[in-house]
Q: 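The structure's right below; bear with me while I get my questions together.
First listed ligand is number 1; within each ligand, the first listed atom is number 1.
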Amino acid sequence: MQPLAAMTWEEAREAAGPRSAAVLPVGATEAHGPHLPLETDVIIAQAMARCGAARLTARGLRVVVLPPLAYTAAAFAQGFAGTVSLRAETVTATLVDIAGSLARHGFGVLAIANAHLDPGHLTALDGAVTAIRRDAGLAVAFPNLAAKPWALRLGEEFRSGACHAGRFETSIVLAERPELVREGARAGLAPNPASLSRAIRNGKRSFEEAGGARAYFGSPAQATAEEGRLTVEVLGEILDEAVRAELGTGRPT
Ligand SMILES: [Zn+2]
């Protein structure tokens, strides 16, 4: 497993091939409560990419990890300072263009390690996956964590839909980048059990409308680095399984 950005073009040429996977971490620059940095989803996506890439490499695949995509559609958070939100069509076009370059240079599969669950973003990714499969001649693995079967493996808080800057995400940042967690703020945060996924189904369009006045849901005070390390392993397994399913060498469970 190698970071593509650190390779020379000749090394990248060597790494490409029909059995080679390029992993793209996809996050957002958006508000994550009073205790987590704006780059939380990027940190989580990079952890998922690293762990998934290590598993695939151990199986004999060639894997490169792309620089992360840190800007995307983030309409739910756009009322909070620091959030950067792109139009869905910009996101889809960006993904399609990245995939086109990878296909041109001979990579066999694009694996999207995504940790951002804004509905507009997921729709943009779905559109990109469809277009890439149709036009780019490249296989795409995109395990949508918000959907079955993957969501079932990510803990009770995640399944409840209170899954933004809560226990799930905070645990991963505690494991990956503890210096970025505002511990003083985190310890005093009351649980916010409002379900973001239910609010989305009910037509709400922002964190404020969904009951997240400070841009968090769930229970950040319950987060632990140990849980975060275990969750990153699960995210890596999910990416591994999704890529193998796409390459026809294994099935998602
Ligand atoms: Zn997040």
Q: Heavy atoms only: give me the nearest L138-I132 pair and the separation to one decimal.
A: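 L138 and I132 have their closest heavy atoms at O-CG2, 3.9 Å.
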Q: For residues M7 and V64, determine if any side-chain heavy atom of one lies less than 4.5 Å from a side-chain heavy atom of the other.
A: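 Touching, per the 4.5 Å side-chain cut-off.
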Q: Do the charged groups of E226 and R229 touch, with an N to O distance under 4.0 Å?
A: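 Looking at E226 and R229, the cut-off is met.
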Q: Does the distance from a Lys or Arg side-chain N to an Asp or Glu carboxylate O, for R177 and E179, drop under 4.0 Å?
A: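 Result for this pair is yes, salt bridge flagged.
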Q: Taking just the N, O or S atoms of E169, which one is nearest to the Zn ion (ligand 1)?
A: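 Going through the N, O and S atoms of E169 one by one, OE2 ends up nearest to the Zn ion (ligand 1).
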Q: Is the distance from the Zn ion (ligand 1) to the nearest N/O/S atom of H32 under 2.8 Å?
A: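 Within the cut-off used here (under 2.8 Å), H32 does place an N, O or S atom near the Zn ion (ligand 1).
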Q: Do you know which N/O/S atom name in D41 is closest to the Zn ion (ligand 1)?
A: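 Result: OD1.
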Q: Is E30 close enough to the Zn ion (ligand 1) to have an N, O or S atom under 2.8 Å?
A: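 For E30, the answer is no, given that no N, O or S atom comes within less than 2.8 Å of the Zn ion (ligand 1).
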